[in-house]
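We count ligands from 1, going down the list as the structure has it; atoms in each ligand are counted the same way. Quick caveat: nothing in here was measured; it's all calculated off a predicted structure. For reference, positions follow the sequence shown, starting with 1.
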Amino acid sequence: MSRQFRVALAGNPNTGKSTLFNVLTGLKQHTGNWAGKTVELKEGSFQYKGNTFKLVDLPGTYSLYSNSLDEEVARNYIVFEKPDLTLVVLDATALERNFNLALQVLEMTGQVIICINLIDEAEKMGIKINEKILMRRLGVPVIKISARNKTGISALLDAMDRLMSGEITCNPVPVTYDEETEEKIAVLIPLVKQLRNSRIPSRWLALRLLDGDKALLEEISKRQPSEEVLQ
Ligand SMILES: Nc1nc2c(ncn2[C@@H]2O[C@H](COP(=O)(O)OP(=O)(O)O)[C@@H](O)[C@H]2O)c(=O)[nH]1
Ligand SMILES: [Mg+2]
């Protein structure tokens, strides 16, 4: 039976997200306004092995908190719209900086593939990336690609297909914080879980609460019936 999957593309600005989006979707794309806001999200789709993959190119951001409308739109999409899969596109020449966003996404959803893009540039600079070690340490597939040169795309499509069919699974390794933070997280998680209908990842929400993310609380209030609003 033919299935349909929603795939979000996340990453820092200039990591080649739109280039990858275009490679995957070709001409089948349109721009939609997101939830009445001014941020435009490009949407497109493609078929692979009989299944349809609907892609959304999220705004490029350095983090996914509530610092800007772009960050809120990208974060809301991942947490509330729950795509079946999120592709995190990283710049191979600036991995350390890029991993910040990757780790944030991994706290929000376990259904992730890491695409290390601009691998051609990294190779020119003599940067060697061992994706097998990264895969083991992160617990999700890591694929090296060059969106511009269209290399690694078939490996990426194969990973997407195998993840969606359940042939492979993600087991993201959680980031461990200092003892004090971990104790607070442990107190908050059971409370956060009591929220009826809450499909928001509890550890992530606990962390956001500890960070005092008021904009997120407002978003949750907007999206949940009044009696479930966090006090
Ligand atoms: N060398 C190289 N350049 C790339 C690659 N992918 C994208 N680019 C270039 O990087 C720049 C930013 O790409 P874009 O797709 O707009 O990035 P976005 O901001 O993440 O959407 C453009 O000039 C692309 O042509 C790649 O794999 N290799
Ligand atoms: Mg772009």
Worksheet entry | Name of the residue among Gln104, Arg208, Arg75 meeting side-chain hydrogen bond (donor to acceptor under 3.5 Å, both in side chains) with Tyr65 | Gln104
Worksheet entry | ligand 1 atoms in contact with Glu121 (distance to a heavy atom under 4.0 Å) | 1 (N)
Practice prompt. Give a yes-or-no answer on whether the side chains of Ser66 and Asp213 include a donor-acceptor pair shorter than 3.5 Å.
Written response: yes
Practice prompt. Please confirm whether Ala147 comes within less than 3.5 Å of ligand 1 when only nitrogen or oxygen atoms on both sides are compared.
Written response: yes
Fill in: Distance-only donor-acceptor check, side chains Ser18 and Asp57, under 3.5 Å
yes
Worksheet item: Where is the nearest protein heavy atom to atom 19 (O) of ligand 1: which residue, which atom, and how far?
Response: Asn14 N, 2.8 Å
Worksheet item: Tell me, which protein residue and heavy-atom name are nearest atom 20 (O) of ligand 1, and how many Å apart are they?
Response: Lys17 N, 2.9 Å
Worksheet item: What orientation do Phe53 and Phe5 show, parallel under 30°, tilted 30 to 60°, or perpendicular over 60°?
Response: tilted
Fill in: Residues Glu180, Lys184: salt bridge by 4.0 Å N-O rule
yes
Worksheet entry | Metal proximity, Ser18 vs the Mg ion (ligand 2), N/O/S cut-off 2.8 Å | yes
Item to complete: Among all protein heavy atoms, pick the one closest to atom 1 (N) of ligand 1 and tell me residue, atom and distance.
Response: Asp120 OD2, 2.8 Å
Worksheet item: Which one of Asn117, Asn149, Thr151 has a non-hydrogen atom at the shortest distance from atom 6 (N) of ligand 1?
Response: Asn117
Practice prompt. Might you check, step by step, whether the distance between atom 12 (C) of ligand 1 and some protein heavy atom is under 4.0 Å?
Written response: yes
Worksheet item: Have Asp178 and Thr181 got a donor and an acceptor in their side chains that come within less than 3.5 Å?
Response: yes
Worksheet, complete the sentence: Nearest non-hydrogen contact to atom 21 (O) of ligand 1 from the set Ser18, Pro13, Gly60 belongs to Ser18
Worksheet item: Nearest protein heavy atom to atom 17 (O) of ligand 1, by residue and atom, and its distance?
Response: Gly16 N, 3.0 Å
Item to complete: Could you pull out the closest heavy-atom pair between Leu64 and Ile78, with the gap in Å?
Response: CD1-CD1, 4.2 Å
Worksheet item: Is Arg223 salt-bridged to Glu81, cutoff N-O under 4.0 Å?
Response: yes
Discussion item. I need the atoms of ligand 1 closer than 4.0 Å to a non-hydrogen atom of Ser146, numbered in the order shown.
Written reply: 26 (C), 27 (O), 28 (N)
Practice prompt. Measure the distance from atom 15 (O) of ligand 1 to every protein heavy atom, then report the residue, atom name and distance (to 0.1 Å) of the closest one.
Written response: Thr19 OG1, 2.5 Å
Practice prompt. Please report which non-hydrogen protein atom sits nearest to atom 23 (O) of ligand 1, along with the residue it belongs to and the distance in Å to one decimal place.
Written response: Arg148 NH2, 4.0 Å
Discussion item. Looking at every heavy atom in both Cys115 and Ile145, which two are closest together, and how far apart are they?
Written reply: CB-CD1, 4.0 Å
